[in-house]
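Here is the structure we will look at, set down as structure tokens.
FYI, the numbering just counts along the sequence from 1. The figures that follow rest on heavy atoms only: side chains count, while hydrogens, waters and symmetry mates do not.
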Amino acid sequence: MKKISDKYTRTLLVITLLFTFINSCSSNKLGRSSTPLRQVATSDSLTIPGPSEFPQITKDSGELAAALKIALKKSTKGMPEADLNAATDRLRHYLMFLGLTAKDFKKAETATAVVTPEGEVAAVDSSKKPPVAIDAEESSDEEDKTPSNLNAIQRLFIASTQFLDCQNLLDWECLEKTPKLKPRADFRIPAKENLGAPIIAGDSLDMDVFFTEAWDGSPSGEVAARFAERLSNDVGKSLSIAMYGIDDIKGSMSGVYNAIVNHARTSSVNVRAVIDVSGFEKGKSPWVFDYVQPSVTSPNYANWLFGESTTNPGGMHATFQYDGTPSFIHEMNDGIKTQEESRVRLEWATSHIMHNKYAVLENHDGVKAVWAGTANISNHCMGTEANSNMSVYIRNDLIANAYLDEFNLMFNFDPAVSVKSKLVVNSDDKNPVQVGRFHRNKFPVSQRFFKFNDGTNVRVHFAPTDDAEHRAILPMLLSASVGDEIRISMFGGTGYEIIRAMQYAVAKGANVRIVFDSKLGHGLTSWTRDSILNVFMKNPYIGLVGLPTNEKIGAISVRSSTWKGKNHYKVGTLTRRQANGEMNAEQIIVGSQNWSGGGNDNNDENLISIQNLKANVKAAKMFNAEFDNRLWVKSREEKPRLR
């Protein structure tokens with residue numbers, strides 16, 4: 001290179017360099033990411049930058065980093081210093097992306113602890129009977145008075161933070177690895193290694209999709225009839241059901257009820273069920289918690305938990321969400337001689353809910369399938385279809401086995417689970433009450449990641465063990481970019497991190513549309529009303545992310561249901577704009593779990609995520625059509641509400 005000796009030339013070079021530096025600074029405001037939103041050649045090369053590229057909306061002089069390191073050091077004994085520093089840096093960067101500070105962190109440390117022991121609900125007066133088939137599943141988030149920003153910090157320490165280590169949020173194999181930062185919660189520690197390792201599950205996903213249709217006055221989608229058909233035709237060896245309850249057993253749900261009970265009457269079919277219990281009657285407690293009916297002359301007869309209620313005809317001393325559940329338990333457990341013979345077993349403890357609604361069916365040849373989705377086995381959700389819902393039926397042994405492993409954890413009596421209760425006792429004073437594992441007494445046991453040869457990927461997450469929020473929901477939202485579309489239909493949604501993820505997606509040019517239930521969508525901790533952060537507040541990421549020329553920021557649009565029943569969905573999709581401008585329905589998340597802290601961290605739930613980067617996911621495309629043509633059209637615009 002020729003030596004620069006001319007004074008004018010040197011001065012011009014200095015000015016040019018200075019201008020370049022100033023220009024680069026002006027395009028990198030506080031935490032601004034200079035990384036392009038995406039580099040797209042074909043769908044095969046699609047890369048979505050990971051959390052290390054997220055912009056930061058708060059500053060840290062070192063106080064947050066120091067506080068984080070001290071906290072992590074206490075909970076990660078033996079972690080090498082280099083790994084500890086890396087974990088501290090990742091969490092610090094993410095908290096600053098969320099807009100949280102050292103002050104928030106210190107407050108969160110002194111606030112109410114997140115991890116609480118399993119408990120039981122108080123005895124209730126069953127004479128004050130709730131309305132039949134109310135399909136209530138009020139979020140326990142409403143009971144948590146911890147501000148949502150502090151709650152987000154607390155929850156991160158019991159979460160799977162593996163997504164913070166992934167450089168590409170579309171890389172499900174990375175998202176399913178064991179996190180380097182071990183969660184501070186035993187219920188998130190797996191029983192064995194590699195539960196998230198990918199498994200080849202076949203050539204393509206064999207799945208049927210059903211929507212309830214009658215909620216807006218349309219002809220019925222006959223979801224209950226379709227479920228009853230499969231129960232009748234696809235069960236030969238075994239049937240395992242995890243259910244929130246059942247009602248209208250002599251009316252709209254009689255086909256489902258009779259199909260289950262008829263199989264139970266056949267000795268060749270192994271029928272089992274776990275079911276949610278709301279609580280226990282006031283009165284002669286402690287109740288005798290034994291599935292075998294005592295003789296009428298036994299001193300335990302009057303206090304038998306499953307005996308007929310004296311205040312609620314047709315009920316039991318145990319109380320349930322749905323009025324058909326007592327009959328179901330009596331019918332299924334009729335004639336058993338030992339506890340081990342019981343076909344229906346109750347959740348324990350009762351402080352949270354066993355909110356699953358799935359069945360694993362095994363035919364005469366041993367081929368398995370699973371029915372799952374958002375619809376309870378109830379009149380409003382399935383029978384009359386007063387509530388809007390989505391159900392899926394997957395024919396695949398490997399995926400069904402994942403559900404079966406989770407079911408067995410709940411159904412099988414576990415002597416290691418200690419029952420300490422003032423409300424129930426065992427009929428044998430020398431032995432404890434026999435129960436399975438539910439809620440935070442569980443641990444991960446199921447394989448989660450299934451790959452198909454046509455490019456379809458499926459993941460299955462169970463709550464509260466698998467943390468679907470941080471493994472599936474947040475990565476999907478955070479990966480949305482310019483021109484993408486997010487559709488969410490939700491019964492009840494809460495969570496600081498989820499709102500931030502939506503705001504970030506919008507700042508990158510994605511559009512988010514949400515249809516909420518008209519009642520539960522307006523809780524004080526919901527996405528629409530949380531006083532610390534809600535979807536109507538100013539988006540702090542706008543201007544911090546560079547948009548391509550001629551592209552605009554997106555928007556969050558919210559509507560609420562207007563029909564008499566409930567918007568009972570728990571579904572979200574991501575539709576990706578391709579390089580050629582076409583839209584690909586890339587991902588869907590569907591299941592029993594509301595997108596809330598209570599659903600993710602406390603209840604027994606399940607979610608299915610389906611992804612295909614090359615072609616439309618059939619279920620996602622079907623849901624998008626249902627959303628655009630019915631749910632969105634039949635809902636009303638939602639505006640900010642005063643508390």
Side-chain angles (χ1 to χ4, degrees), residues 37-38 48-49 54-55 57 97-99 148 169-170 468-470 472-517 520-522 526-530 533-545 547 551-561 567 569-577 583-590 594-596 607 609 611 617 620-621 623-633 635-641:
L37 289 180
R38 80 168 61 132
I48 302 298
F54 292 171
I57 57 176
F97 161 74
L98 295 175
S148 59
L169 290 173
L170 299 182
E469 181 175 327
H470 292 90
I473 296 170
L474 284 171
M476 183 183 82
L477 297 175
L478 290 166
S479 76
S481 193
V482 62
D484 296 345
E485 297 175 355
I486 294 170
R487 296 171 174 86
I488 299 171
S489 186
M490 195 62 48
F491 187 46
T494 67
Y496 188 96
E497 289 177 86
I498 291 179
I499 295 174
R500 284 295 193 223
M502 291 179 189
Q503 290 179 325
Y504 183 48
V506 165
K508 291 185 290 178
N511 285 300
V512 180
R513 288 190 290 159
I514 305 168
V515 174
F516 253 137
D517 179 69
L520 202 61
H522 300 133
S526 70
W527 297 335
T528 60
R529 291 188 69 190
D530 190 284
L533 180 66
N534 64 63
V535 295
F536 297 116
M537 291 181 177
K538 183 179 179 181
N539 188 333
Y541 304 112
I542 293 175
L544 297 185
V545 182
L547 285 170
E551 296 288 357
K552 298 179 180 179
I553 61 172
I556 300 177
S557 304
V558 183
R559 291 189 176 186
S560 59
S561 60
N567 180 35
Y569 277 95
K570 306 97 171 53
V571 182
T573 61
L574 171 62
T575 303
R576 183 91 60 188
R577 192 177 75 183
M583 303 299 290
N584 179 51
E586 179 181 294
Q587 185 175 345
I588 185 170
I589 301 175
V590 56
N594 287 298
W595 294 10
S596 68
L607 281 182
S609 304
Q611 173 204 62
V617 172
K621 193 170 183 179
F623 171 79
N624 286 352
E626 186 76 3
F627 185 96
D628 292 346
N629 299 327
R630 302 184 72 224
L631 292 169
W632 192 254
V633 173
S635 300
R636 63 170 176 265
E637 183 180 0
E638 185 69 18
K639 296 180 180 180
R641 289 190 176 197

To the nearest 0.5 Å, how far apart are CG in Leu169 and CG in Leu478?
-> 6.0 Å
Ser148: which of Asn534, Asp530, Thr494 passes side chain to side chain donor-acceptor pair (under 3.5 Å) | Asp530
How are the rings of Tyr541 and Phe97 set to each other: parallel, tilted or perpendicular (split at 30° and 60°)?
-> parallel
Do you know the tightest heavy-atom contact between Leu547 and Gly509?
-> CD2-N, 4.0 Å
Quick one: closest heavy-atom pair of Gln503 and Leu533, and the distance?
-> NE2-CD1, 4.0 Å
List for me each residue that meets side chain to side chain donor-acceptor pair (under 3.5 Å) alongside Glu497, sequence neighbours excluded, and say none if there are none.
-> Tyr94, His470
Where do Asp484 and Arg577 land on the side chain to side chain contact (heavy atoms under 4.5 Å, CB included) test, with the steps shown first?
-> CA-CA 5 Å; Asp484 296 345; Arg577 192 177 75 183; 3.9 Å; yes
Out of curiosity, Gln611 CD to Ser479 OG, how far, rounded to the nearest 0.5 Å?
-> 8.5 Å
So, for Lys570 and Phe491, which heavy atoms are closest and what is the spacing to 0.1 Å?
-> NZ-CB, 3.5 Å
Residues Val545 and Pro55: closest non-hydrogen pair is CG2-CG, 4.3 Å
Only counting residues at least two apart or in another chain, list the ones meeting side-chain contact (heavy atoms from CB on, under 4.5 Å) with Arg559.
-> Trp632, Ser635
Are any non-hydrogen side-chain atoms of Ile514 and Met502 less than 4.5 angstrom apart?
-> yes
Is there side-chain contact between Leu474 and Glu469, with at least one heavy-atom pair below 4.5 Å?
-> yes
Side-chain donor or acceptor of Asp517 paired with backbone N/O of Asn567 under 3.5 Å = yes
Could you check Ile488 against Trp595 for side chain to side chain contact (heavy atoms under 4.5 Å, CB included), going step by step and ending with a plain yes or no?
-> CA-CA 10 Å; Ile488 299 171; Trp595 294 10; 3.8 Å; yes
Distance-minimising heavy-atom pair for Ala507 and Asn539 = N-ND2, 4.1 Å
Between the side chain of Asn594 and the main-chain N/O of Gly493, is any donor-acceptor distance below 3.5 Å?
-> no
CA sep, side-chain torsions, deciding dist, call: Arg500, Tyr504, side-chain hydrogen bond (donor to acceptor under 3.5 Å, both in side chains) | CA-CA 6 Å; Arg500 284 295 193 223; Tyr504 183 48; over 6 Å; no
Given side chain to side chain contact (heavy atoms under 4.5 Å, CB included), test Ser596 with Met490 step by step and report yes or no.
-> CA-CA 10 Å; Ser596 68; Met490 195 62 48; over 6 Å; no
Evaluate the side-chain proximity of Arg487 to Thr575: yes if any heavy-atom separation is below 4.5 Å, no if none is.
-> yes
Looking only at non-hydrogen atoms, find the nearest pair between His522 and Glu638 and report the distance.
-> NE2-OE2, 2.7 Å
Is there a donor-acceptor pair under 3.5 Å between the side chain of Ser489 and the backbone N or O of Phe627?
-> no
So, are Arg513 and Asp628 salt-bridged, with charged N and O less than 4.0 Å apart?
-> yes
4.5 Å side-chain heavy-atom contact, Tyr569 and Val515 = no
Are side-chain heavy atoms of Met537 and Pro640 found at a separation under 4.5 Å?
-> no
